[in-house]
Amino acid sequence: MITIQDLNDCAAPAFADILRGIYEHSPWIAERAAARRPFASLAALKLALQEVVASATQAERLALLRAHPELAGKAAIAGELTLESRGEQAASQLERCSPQEYAQLHTLNVQYGERFGFPFILAVKGPTGRGLTRQSIIDTFTRRLRNQPLDELAEALRQVHRIAEMRLNALLGREPALGATVMDWAEELSLISDSDAGLTCAYMTPAHQQTAARLARWMEHAGMVVHIDAVGNVVGRYAAAHAGAPTFATGSHYDTVRNGGKYDGRLGILLPIALVAALHARGERLPYALEVIGFAEEEGVRFRSTFLGSSAIAGSFDDALLDALDDDGIALRAALAAAGHDVDAIPAIARAPGTLLGFIEVHIEQGPVLLERGLALGVVSAIAGSSRYVLELTGVASHAGTTPMGMRRDAAAAAAEIVLLVESRCSGHGSLVGTVGQLEVPGGSVNVIPGSCRLSLDIRAALDAVRLAAVDDILAGIKAICSRRGIDYKPWKLLDADAAPCAPRLMDGLGAAIERAGLARFDLPSGAGHDAMRMAQIADVAMLFVRCGNGGISHNPLETMTADDADIAGQVLLDFLRNCYIPQGPTPPGRHE
Ligand SMILES: [Zn+2]
């Protein structure tokens with residue numbers, strides 16, 4: 001079996017020769033990467049090969065794409081595939097297509113080639129490496145045919161790198177076993193759902209309770225002492241090497257949005273369970289007790305109240321929420337009682353500030369930044385604060401045919417100007433983002449000038465001062481737009497939440513672990529809220545983001561990641577946990593204070 005050491009030590013032509021089959025008919029990639037040796041790890045080698053492609057000419061990249069065979073295309077039928085491609089296409093049983101599937105793939109191949117000018121490329125061994133089904137290949141093909149050409153070019157190159165990644169694994173005899181376990185567990189949990197179609201796991205439904213029970217069972221098997229607390233958090237504790245040692249915590253949420261993704265939240269529970277199982281199997285203990293927490297509720301789907309699980313642990317649970325009703329008129333209090341929980345025990349869940357050594361949350365990025373940079377992992381610098389408003393604009397509804405343009409007071413036209421104001425004010429200021437996600441003309445008609453318009457504002461930034469300055473400017477701009485147009489407006493503030501910065505000490509610990517894995521540290525803010533925000537009220541927090549596939553889509557069944565990324569995240573998290581806290585030993589001899 002070939003090792004990284006062999007690849008570092010051999011002559012450049014031998015290096016290029018060994019890696020000949022990694023990128024389809026494109027030996028120049030390995031030839032150029034040879035000069036970048038030595039590689040600290042397999043991850044570093046993969047990254048170097050990707051960088052060679054990124055710094056090649058556009059013509060070279062297109063040639064790389066065009067060197068790939070069509071899926072179940074002419075070359076496959078004629079038996080002219082490379083050894084690697086043949087094995088991969090066989091893993092998805094593409095050679096066993098029905099005549100109908102062949103016809104479908106043939107049509108897709110033709111349409112795709114005409115639209116993009118290169119063949120459709122998909123890592124058919126999929127996110128786990130075990131092969132996609134023919135149906136999911138056809139679905140992906142159909143979906144990607146609708147992509148914009150530049151986006152599809154980038155996606156095709158990412159698929160080429162994913163294929164190369166799996167070929168390298170095979171060449172070096174590496175299997176992302178821990179990552180594959182995590183992917184399998186996520187798949188298994190995704191089958192426990194409130195609905196028959198897709199994954200929905202809303203707070204305290206039967207599926208939610210069953211998910212908690214499954215997590216508890218896995219935690220026990222991994223060697224943890226487990227309890228489910230009064231709000232449904234599943235808490236597993238892996239004892240420290242020595243009694244009386246402090247506690248470090250990690251975790252994320254196990255509830256989901258309606259028809260959500262399999263990894264949002266769950267990755268941050270399953271990955272540490274898999275790590276603890278590995279530690280337990282070799283009898284290794286950490287210098288502190290490690291708690292893995294599956295937070296019961298973060299998404300706010302059923303009772304419109306987010307962070308129920310982590311706010312209970314942070315001691316900021318709002319008792320008034322117990323009277324919140326779901327769509328069927330069931331109170332949160334009653335839902336908890338029906339599931340066998342004692343609401344009077346909720347205050348006792350709270351941890352006193354400073355009792356935890358720290359908290360780290362692993363989460364998929366839920367955005368495209370890491371994906372577009374070709375990075376598996378990122379260190380979160382801060383969880384963005386957010387301001388939310390609803391605006392009601394009132395103009396004059398009048399006849400669309402008889403009111404001259406200069407005599408109108410059009411509420412929707414004012415709203416349109418506001419949308420563009422938000423876009424321009426929030427562009428180009430780092431982490432600042434602004435969105436008008438709701439925009440409606442209540443009771444509007446095709447032949448009536450809009451007399452009223454409702455719209456929402458959502459402004460976020462990692463720095464509170466940046467966000468608040470943008471909010472002030474936008475509110476002033478709205479005032480000016482409305483007075484110029486003769487529109488009355490009323491703003492309602494819905495939310496004003498401060499940003500939660502991550503602890504620099506823990507960020508540096510994560511960054512160092514990423515670098516030790518042979519990857520580059522990259523810091524980014526989180527635009528989405530996470531349980532770590534609540535935990536920041538009582539402890540130092542950090543977050544590790546993991547790359548999201550499919551353009552970074554989340555809160556959607558298309559949300560995806562790979563076993564390799566889960567695996568490297570596990571390696572980095574374990575390295576971080578081993579090094580983030582060095583207990584104070586006895587005072588060294590000769591030093592007495
Ligand atoms: Zn989440």
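Side chains are part of it too, since the values below use all heavy atoms of this structure and drop only hydrogens, waters and symmetry mates. Remember, it's 1-based here, ligands and their atoms both numbered in the order they're listed.
- F307 carries R534 over the face of its six-membered ring, with the cationic atom under 6.0 Å from the centre and within 45° of the normal.
- Aromatic rings from H221 and H280 are positioned such that their centres are separated by 6.0 Å or more.
- For Y263 and H363, the ring centers are positioned 6.0 Å apart or more.
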Quiz item: Does the pair R516 and F576 meet the rule for a side chain to side chain contact (heavy atoms under 4.5 Å, CB included), with working shown?
Solution: CA-CA 10 Å; R516 282 192 292 269; F576 169 84; over 6 Å; no

Exercise. Take S252 and R266, measure what side-chain hydrogen bond (donor to acceptor under 3.5 Å, both in side chains) needs, and give me the verdict at the end.
Key: CA-CA 7 Å; S252 192; R266 288 137 180 242; over 6 Å; no

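- Residues D255 and A296 approach most closely at CB-O, 3.4 Å, considering heavy atoms.
- By the criterion of a separation under 2.8 Å, the protein N/O/S atoms near the Zn ion (ligand 1) amount to H253 NE2, D264 OD1, H363 NE2.
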